[in-house]
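Reviewing the structure listed below.
Proteins get letters first, then strands, A, B, ... in listed order; numbering begins at 1 in each.
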Amino acid sequence: MPDQLPEHPDWLWRTPDPKPSYDVVVVGAGGHGLATAYYLARNHGISNVAVLERGWLAGGNMARNTTIIRSNYLCEESAAIYEHALKLWEGLPQELEYDFLFSQRGVLNLAHTLQDVREGMRRVGANRLGGVDAEWLDPDEVRAFCPIVNTSPDVRYPVLGATLQPRAGIAKHDHVAWALARAADAHGVDLIQNCEVTGFVRDSDGAVVGVETTRGRIAAGRVALAAAGHTSTLTDLLGLRLPIQSHPLQALVSELLEPVHPTVVMSNHVHVYVSQAHKGELVMGAGIDSYNGYGQRGSFHQIEHQMAAALELFPIFARAHVLRTWGGIVDVTPDASPIIGPTPVENLYVNCGWGTGGFKATPASGWVYADTIAHGRPHPLAAPFALERFTTGALIDEHGAAAVAH
Amino acid sequence: MLLIACPWCGERDETEFHYGGQAHVAYPADPEALTDVEWGAYLFVRDNPKGDFAERWVHTAGCRRWFNVVRHTVTHDISAVYPAGQPRPSQESRPQNEVTA
């Protein structure tokens, strides 16, 4: 039998054994970890880098998100970093020579109440002042842009309007990871899967100088965590407490359907977000489970709640079937903004707390994190997101301001 | 969906409850004496274990009382339910729903 199987296609990256020592060890081979390694090599000439992954590459939240990319955040610190990401997304397929189906089909954020309308109009104004494309659509314009949205006044929460970011869209998440992995590998970065970090090596001053792993001790000049929902399990080993709580976040897809949905629609108020993948699945995201959890599954009532919202907004979905549901573990901070930068532990850097929306930030997260690691100080776009904000009180409060409920 | 044994009402669906995060976080005895770092930690930092976690729930759709639960954050097994204000039961004596009369 084996001789009848086709040849395996060329691997996109090597599978090296870990070396004894690296300049930088990145923990976590999700999108953010891979982008960090890629930009460390590309932008800073630091290619003696390992990315350690306890499972398989891009098998965590990078495989479990709803692939939405947008930058229409209210707070200027957030809009700046997400807009940096969007500009990088626009160039990455060409730069990485990999068509990962980045599709700028726009994102609608629906308004269902007077408060939603005010918030949406305010956010459109703030976005325009900040150089982020944004428009306000009335219900007729919503219907023209996305005819399958139910804009009838007869529903429980009628659509009163929507914000539109035309440059927003979706991308094929797996291919994004593979594109970044191939490019990082080509720069000499070692991508090491099935290698779990089990401890940290510290010198007499307490500085981190390496990691203990299931494949042995690896020395490191700097250790950069990119472990999303599992960041606490690593920092707990150092006695470093971070203001993050890990929650399950679910999403689901339908079977493959004819193209019916031309854009991305998000509703904060009834809480659902939905797009249609190139292959044809309707991709929908739910809310997080309220409780802390590390099991990669969530409660069914969250799915039920999400489907009720989806069916009211999109009556055409009534005959569709749920094909798969899944859950990822997201690390949520008190202000729903990420934590990026150095830590009180010397040589240890964190990039976490992206919560429910990390995928869209992937390239900018890697860009600013790589710069922060390379120079040992926060990149200007990352500086507002430093850990110190939970001491100074300078929070970047995106709860309810980020165009989606958290 | 979790099945949670309210100490007063018995086993009910998770949707009858609201979550309150980590239990046993005491208000600082002398807040004025705290540094900014300590105050920030009190406000914003909570344990986030992968394993047993003592946490608060309130039976919103029932008796509306707060109580504590020890739940495993991967398996969701509930190993103890006890009234707010009581110390966390030790590992040795952890009967299910020990305070239900």
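- Judged by distance alone, with hydrogens and angles left aside, the side-chain atoms of B:Arg71 form no donor-acceptor pair with the main-chain N or O of A:Tyr291 at under 3.5 Å.
- For a residue to count as touching a neighbouring chain, one of its non-hydrogen atoms must lie under 4.5 Å from one of that chain's; by this rule A:Asp331 does not touch chain B.
- Taking every heavy atom of both residues into account, B:His76 and A:Arg297 meet most closely at CD2-NH2, 3.6 Å.
- The part of A:Thr233 that comes within reach of chain B is its side chain, from C-beta onward, which places non-hydrogen atoms under 4.5 angstrom from that chain.
- When heavy atoms are compared at a cutoff of 4.5 Å, B:Phe44 approaches chain A by way of both its backbone and its side chain.
- Within a 6.0 Å radius of CD in A:Glu346, other residues, nucleotides and ligands contribute 12 heavy atoms or fewer.
- The heavy-atom pair separating B:Asp47 from A:Gln245 by the smallest distance is O-NE2, 2.9 Å.
- Taking 4.5 Å as the heavy-atom cut-off, the residues of residues 54-65 of chain B that approach chain A are B:Trp57, ordered by number.
- In terms of heavy atoms, A:Asn292 sits closest to B:Asn48 at ND2-OD1, 3.4 Å.
- The distance from the NE2 atom of A:His247 to the OG1 atom of B:Thr73 is 11.0 Å, given to the nearest 0.5 Å.
- The pair A:Asp236-B:Lys50 fails the salt-bridge criterion, with no side-chain N (NZ, NE, NH1 or NH2) lying under 4.0 Å from an Asp/Glu carboxylate O.
- Looking at B:Thr75, only its backbone comes within 4.5 Å of chain A, counting heavy atoms on both sides.
- Residues A:Thr391 and B:Asp36 bring no donor and acceptor atom of their side chains to less than 3.5 Å of each other.
- For a residue to count as touching a neighbouring chain, one of its non-hydrogen atoms must lie under 4.5 Å from one of that chain's; by this rule B:Asp13 does not touch chain A.
- B:Glu14 touches chain A through its side chain: at least one heavy atom from C-beta onward sits under 4.5 Å away, while N, CA, C and O do not.
- The CG atom of B:Leu2 sits 8.0 Å away from the CG atom of A:Asp289 when rounded to the nearest 0.5 Å.
- Residue A:Phe300 touches chain B through its backbone alone, counting heavy-atom pairs closer than 4.5 Å.
- Counting heavy-atom pairs closer than 4.5 Å to chain B, the top-ranked of the candidates A:Ser299, A:Gly393, A:Pro248, A:Gly298 is A:Ser299.
- Looking at A:Ile329, there are no atoms closer than 4.5 Å to chain B (heavy atoms on both sides), in backbone or side chain.
- The 12-atom threshold is exceeded at CD of A:Glu312, counting heavy atoms of other residues, nucleotides or ligands nearer than 6.0 Å.
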